[in-house]
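The first residue in the sequence is number 1, and the count goes up from there.
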Amino acid sequence: MCIISNTLNRAVAMKFHKNAIVVFTLFSIHSFAQTFPNDGYSRPYTPITPAPIFIQGPPNQANMLIRQLSNSKNNTYILPATPSTTNWGYFDAGVPPALTIKSGDTVIIETLPAGGGQVAPGITEAQIDSINEDPMFPGRGPHTLTGPIAVEGAQKGDIVAVRINKIRMRSYATNNSAAKAGLFYDKFLPRVDSYYLDNDKMEMQFESNIVVPLAPFPGILAVARSKEEQLLPYTNVHSFNEKNPPSPQNSGWCVKMPGSLAGTIGCDSKQPGAYGGNLDLREMTVGSTTYLPVFIDGAYIWTGDSHAAQGNGEVDLDALETAFSELNVTITLIKKNERKEFGFWPVIETPKSWVTVGYDLNLNQALENLKTETTRFIESSRKVSKIEAEKIMIQNWNCPISEVVNEVLGTYCILPKKLNAKKALDIPKEDNKKFWVSYASDPKDLMAAMKEASMKSIGKMSKNLSITEDRAYRLATFVMDCRIGRPKEGAYDVSCMVPKSILRQEAKKRI
């Protein structure tokens, strides 16, 4: 018997324009022989020498076609996660497509964990810091992205509809609360935790008496940004008002990663925007359709940052981070002016609701953007006046905070499809039968109210679940649901709710 140690200290993948040559440079591969006293001899191990260059160019599309699942009208393809179909941490409109499809085709996509697939059980906080701060790639985000998928006939101004048919997860997930990120990075120590995902029960056991229900969705679903937008400075240039209407030329928020492809500019994968990206929107699960505006010909669709579960807020930086062995989607092209209710921002459709979004570097402005976009969508889809649309929005006000950790912060509203739906309830302020509730209000700052309500919720979870506040902080990023109160003059209200159902029945009897 021999003990083998192969240490792979660095794998750097670079894609080059046109030929898309993928090169992995391998450093520090070591092996040694171990002598065992009972054996009386030494067994040297000779490692297999890895190929210095992987297969050149995009994959053969004909071999990605699944003929048994295709028909005369639409095709079904498999898009695996390989060196030639993935990139780490950036979106780049100049990359050759990994797959080209027609409207109505289905793609079965495989995704990888963050950090080029390395952020998995066994990795340490120091190792994550090391790969995220690689000086060779300044501005690179953490996510591993599969794609892009080009859509034939897609042109600037069109919409691509991405319907999620099925999701299958890996059996594990991680959560990383980093030293310099997350809502309360200054209060809790950073650490990486690993979890087992029970794909049969669709739950993760957080503690012996605490269970997190699983509801997988892609944290990132994106099209390519416009080339004009990639050249904009990273400032808060986007705001909604009558004199400065939204357009691809003023959306901003591209942290540039020069040199990701020869002669082109890439953008960090961390910041969401009008192109979609790192939306961290948990409504985008099986049965939903995400409508993304097209900014360049071909659309170019990526996905990654695969989540097993996430609370509204994603407060400790990460969700329950996993990878998908299957993200099964059908992609449909909608031409300009066919569906005028879809505009500059993504819109999500679920079986019972429409979801509108608002993002910005400032959470107050994100809320203003959300109200403007929601009003616009109601006005267009229901063909009512702006004043009537505003009344409908307030009547149906059900608007969570999606995330507060991606620099560009997120809010969204859930609008019932049912036209005569009952008036939505106000956000709760006290505990009830289903939820532990933590409420806060601030006269000027939505983020201040969010922080106060979240911290109260963490303290309440710690007490009610008999866990440390440090553990409660990590649990909050999976299960806490933070929602914004109805807009009113002089106050920003937030309620953060935690479902009591996460506590196992036998444990409830002891409290």
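The shortest non-hydrogen separation linking A472 to M461 is O-CE, 3.6 Å. Closest non-hydrogen pair, A476 versus I458, comes out as CB-CG1, 4.2 Å. Here the closest heavy-atom approach between residue E110 and residue T146 is recorded as O-OG1, 2.9 Å. The two residues Y77 and D105 make their nearest non-hydrogen contact at CE1-OD2, 3.7 Å.
Under the salt bridge (Lys or Arg N to Asp or Glu O under 4.0 Å) criterion, D280 pairs with no residue, sequence neighbours left out. In this structure D445 satisfies the side-chain hydrogen bond (donor to acceptor under 3.5 Å, both in side chains) test with no other residue, sequence neighbours excluded. When the salt bridge (Lys or Arg N to Asp or Glu O under 4.0 Å) test is applied to R382, no partner is found at least two apart in sequence or on another chain. Under the side-chain hydrogen bond (donor to acceptor under 3.5 Å, both in side chains) criterion, E388 pairs with no residue at all, not counting sequence neighbours. The side-chain hydrogen bond (donor to acceptor under 3.5 Å, both in side chains) check on K201 picks up nothing, with sequence neighbours excluded. In terms of the side chain to side chain contact (heavy atoms under 4.5 Å, CB included) criterion, residue partners of V255 (sequence neighbours excluded) are, by chain and number, Y234, D268, Q271. For K73, the side chain to side chain contact (heavy atoms under 4.5 Å, CB included) partners are N71, not counting sequence neighbours. Checked against salt bridge (Lys or Arg N to Asp or Glu O under 4.0 Å), D198 has no partners two or more places apart in sequence or in another chain. Under the ring-ring contact (aromatic ring centres under 6.0 Å, His included) criterion, Y412 pairs with no residue at all, not counting sequence neighbours.
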Inset, instruction - Output, in order, the C-alpha distance, side-chain angles, deciding distance and verdict of side-chain contact (heavy atoms from CB on, under 4.5 Å) for N75 and K102. - result: CA-CA 8 Å; N75 288 326; K102 295 180 179 179; 5.9 Å; no

Legend entry - R170/L197 under side-chain contact (heavy atoms from CB on, under 4.5 Å): CA gap, chis, key distance, verdict: CA-CA 8 Å; R170 290 189 178 180; L197 305 180; 6.0 Å; no

Legend entry - Y473 vs V315, side-chain contact (heavy atoms from CB on, under 4.5 Å): CA-CA, chis, key distance, verdict: CA-CA 8 Å; Y473 180 41; V315 290; 4.1 Å; yes

Inset, instruction - Kindly indicate, with the supporting measurements, whether the criterion side-chain contact (heavy atoms from CB on, under 4.5 Å) is fulfilled by I109 and I149. - result: CA-CA 10 Å; I109 307 170; I149 301 168; 3.9 Å; yes

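Put simply, the side chain of K417 does not reach to within 4.5 Å of the side chain of P351, judged on heavy atoms. Annotation: side chain of L221 is in contact with side chain of M284 (closest heavy-atom distance under 4.5 Å). In this structure, the side chains of V437 and E430 stay at 4.5 Å or more apart for every pair of heavy atoms. Residues S171 and Y196 form a side-chain contact, since some pair of their non-hydrogen atoms from C-beta on lies under 4.5 Å apart. Proximity of S194 to T174: side-chain heavy atoms (C-beta onward) are separated by under 4.5 Å at one or more points. The shortest side-chain heavy-atom distance between L465 and W436 falls under the 4.5 Å cut-off.
The environment of NZ in K434 is sparse: at most 12 heavy-atom neighbours from other residues, nucleotides or ligands sit within 6.0 Å. The neighbour count for E338 CD, taken as heavy atoms of other residues, nucleotides or ligands under 6.0 Å away, is above 12. In the displayed structure, K456 atom NZ is contacted under 6.0 Å by more than 12 heavy atoms of other residues, nucleotides or ligands. Open room surrounds NZ on K187; 12 or fewer heavy atoms of other groups in view lie less than 6.0 Å from it. Summarising the local packing, NZ of K391 is surrounded by 12 or fewer heavy atoms from other residues, nucleotides or ligands at distances under 6.0 Å.
In this structure, L370 CG and I401 CD1 are separated by 10.5 Å, a value rounded to the nearest 0.5 Å. Atom-to-atom distance recorded for E390:CD and I378:CD1 is 9.5 Å, nearest 0.5 angstrom. Atom CD in E452 sits 9.5 Å away from atom OH in Y439 (nearest 0.5 Å). Expressed to the nearest 0.5 Å, how far CG of N406 lies from CH2 of W253 amounts to 12.0 Å. Atom NZ of K451 sits about 13.5 Å away from atom SG of C496, to the nearest 0.5 Å. If you take OG on S269 and CZ on F91, they are separated by 5.5 Å, rounding to the nearest 0.5 Å.
Taking the charged nitrogens against the carboxylate oxygens, K488 and D493 do have a contact shorter than 4.0 Å, which makes a salt bridge.
Tested against L363, the residues L446, I484, V494 include a single side-chain contact (heavy atoms from CB on, under 4.5 Å) partner, L446.
For residues 468-482, the pairs satisfying salt bridge (Lys or Arg N to Asp or Glu O under 4.0 Å) are D193-R471, D193-R474, E207-R471, R282-D481, D470-R474, D481-R483, with sequence neighbours left out.
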Tabulate below the donor-acceptor pairs under 3.5 Å that side-chain atoms of residues 317-334 make, not counting sequence neighbours, or state none.
{"from": "D318", "atom 1": "OD2", "to": "N176", "atom 2": "N", "distance (Å)": "3.0"}
{"from": "E321", "atom 1": "OE1", "to": "H307", "atom 2": "NE2", "distance (Å)": "3.4"}
{"from": "E321", "atom 1": "OE2", "to": "H307", "atom 2": "NE2", "distance (Å)": "3.2"}
{"from": "E321", "atom 1": "OE2", "to": "A319", "atom 2": "N", "distance (Å)": "2.7"}
{"from": "T322", "atom 1": "OG1", "to": "Y172", "atom 2": "O", "distance (Å)": "2.8"}
{"from": "S325", "atom 1": "OG", "to": "R168", "atom 2": "O", "distance (Å)": "3.3"}
{"from": "E326", "atom 1": "OE1", "to": "R168", "atom 2": "NE", "distance (Å)": "3.2"}
{"from": "E326", "atom 1": "OE2", "to": "N328", "atom 2": "ND2", "distance (Å)": "3.1"}
{"from": "N328", "atom 1": "OD1", "to": "N165", "atom 2": "ND2", "distance (Å)": "2.9"}
{"from": "T330", "atom 1": "OG1", "to": "T106", "atom 2": "OG1", "distance (Å)": "2.8"}
{"from": "T330", "atom 1": "OG1", "to": "N165", "atom 2": "ND2", "distance (Å)": "3.0"}

If you look only at distance, which donor and acceptor atoms sit under 3.5 Å apart when one is on a side chain in residues 286-303 and the other is two or more places apart or in another chain?
{"from": "S288", "atom 1": "OG", "to": "T285", "atom 2": "N", "distance (Å)": "3.3"}
{"from": "S288", "atom 1": "OG", "to": "T285", "atom 2": "O", "distance (Å)": "2.6"}
{"from": "Y291", "atom 1": "OH", "to": "E349", "atom 2": "OE1", "distance (Å)": "2.6"}
{"from": "D297", "atom 1": "OD1", "to": "K156", "atom 2": "N", "distance (Å)": "3.4"}
{"from": "W302", "atom 1": "NE1", "to": "N87", "atom 2": "OD1", "distance (Å)": "3.4"}
{"from": "T303", "atom 1": "OG1", "to": "I220", "atom 2": "O", "distance (Å)": "2.8"}

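Checking E368 against N364 by side-chain atom types alone, no donor-acceptor pair falls below 3.5 Å.
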